[in-house]
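Have a look at the structure below, then the notes.
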Amino acid sequence: PDTITVQELANRMAERGADLVKSLFKMGMPVTINQSIDQDTAELLVEEFGHNITRVSDSDVEIDTAADVDASETLLPRPPVVTIMGHVDHGKTSLLDALRGTDVVAGEAGGITQHIGAYQVTVKSGEKITFLDTPGHEAFTEMRQRGANVTDIVILVVAADDGLKPQTIEAINHTRAAGVPMIVAINKIDKSGANAQKVREELLQHNVQVEAMSGDVQDVEVSALKKTGLDELVEKILLQAELLELKANPDRDAEGTVIEAKLDKGRGPVATVLVRRGTLRVGDIFVVGGESGKVRAMVNDKGQQIKEAGPSLPVEVLGLSGTPGAGDPLSVVENEARAREVAAYRQQLATDKRTTHAPANLESMFSALK
Ligand code: GTP
Ligand code: MG
């Protein structure tokens, strides 16, 4: 019978392999990402996954993205999505800035940049890496709870002169719970009080065993300030990404995830969207969370207007009916009527949820008063 590896199926569903592994585990099938499953199990998983993760109701209005499986031959490699996490002031932003400085293309273009919370860097070898500005632990947890896992790899930043701190430990736990591979960047190695070995020992106490301690978690000493160790860090990211075999179908209607959204005074509602699969184009009609829209313009992290965006590219999207939430899914649909139908359905669902909860609360309030 036909078999498929978990990662290959994940690529075909535009989901993360780690999430499929978790789903299989819950179904009583402990397998690893590179193991093969048979066709019946794959079908069962697709069904389970749709219900568990995207919480698709039995309504035929809703879009069931998990059930929309791409054919293997349509899959092409996509850049890894890397989130930088760590304790306050340990140098997350500085490291991201330093890594963006390694972008050969941005360098050539004159490096006009703007903050959209997500960046794509083209490294020397020509490969691309998407970096997400740390969304804060709350946002990360929220997105994870909503099944909006977009991160393929986490870079854990630890300041070598400060060691493990509460938020470092939180980040380790979040990363574990999300099943995401981690690379430790021991930062501020230039400082006089820096002690990388102490950091490695502290990590071990929290069951993170880096290579130097004969474990399998990659670690690298860096200085975001002096820009040292960056090439090695990039190499490790690419190595980790290769192991994950990340792929997506670029040639279909786009699906993406909202990283952040805001109401811009001049431009109206603007969402930073990470494309998961397909290619998003100017003029596309879409539904995003409980909002709908038509792509009026797209702006990349270099402030340039672009006409299309493929898998793993973060873009600012203009032309939304309202402001969606972080983690909301975006799906391109065939026409405006369909977009409005799905958006209205989702808004109704959200309203129903609020009103069904209210009387229960009132009731308990009254009974408490009696
Ligand atoms: P939050 O976003 O507030 O959590 O901080 P962060 O983790 O983004 O840290 P940020 O990059 O803002 O850096 C905090 C301070 O550490 C700044 O003053 C940086 O200049 C300094 N810093 C960052 N990296 C290095 C480094 O490699 N060496 C030295 N000496 N200082 C650094
Ligand atoms: Mg910062």
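Both ligands and their constituent atoms are indexed starting at 1 by order of listing. In this text the structure is predicted, and so the values were computed from the model without any measurement.
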For [X] and ligand 1, does the shortest N/O to N/O distance drop below 3.5 Å?
X    : value
A224 : yes
V222 : no
K191 : no
I189 : no

Inspect the contact between D162 and K188 and indicate whether a charged nitrogen and a carboxylate oxygen are less than 4.0 angstrom apart.
no
Note: E255-R276 ion pair, threshold 4.0 Å (strictly below)
no
Could you go through the salt bridge (Lys or Arg N to Asp or Glu O under 4.0 Å) check for R346 and D328 one step at a time?
CA-CA 11 Å; R346 288 178 182 172; D328 276 343; over 6 Å; no
Atoms of ligand 1, numbered as shown, that sit under 4.0 Å from any heavy atom of [X]:
X    : answer
D190 : 26 (C), 27 (O), 28 (N), 29 (C), 30 (N)
V88  : 3 (O), 4 (O)
T93  : 2 (O), 6 (P), 8 (O), 11 (O)
K92  : 1 (P), 4 (O), 5 (O), 6 (P), 7 (O), 8 (O), 9 (O), 11 (O)

Checking K262, R296, K302 against E316 for salt bridge (Lys or Arg N to Asp or Glu O under 4.0 Å), the one that qualifies is K262
Would you mind telling me if ligand 1 is within reach of the side chain of H87, the backbone, both or neither, using heavy atoms under 4.0 Å?
backbone
Would you kindly specify which portion of L225 sits under 4.0 Å from ligand 1, judged on non-hydrogen atoms: side chain, backbone, both or neither?
both
Working to the nearest 0.5 Å, report the span between CE of M298 and CD1 of I306.
5.0 Å
Out of E221, K188, K226, the nearest non-hydrogen contact to atom 16 (O) of ligand 1 is supplied by K188
Apply salt bridge (Lys or Arg N to Asp or Glu O under 4.0 Å) to the pair E201 and K198, showing each step before the final yes or no.
CA-CA 5 Å; E201 282 160 17; K198 186 157 168 270; over 6 Å; no
For a distance under 2.8 Å, tell me if T93 has an N/O/S atom near the Mg ion (ligand 2).
yes
Kindly say whether R340 contributes a backbone atom to a donor-acceptor pair with the side chain of S292 at under 3.5 angstrom?
no
Just by modelled atom types, is the T74 backbone N or O under 3.5 Å from a matching donor or acceptor in the D251 side chain?
no
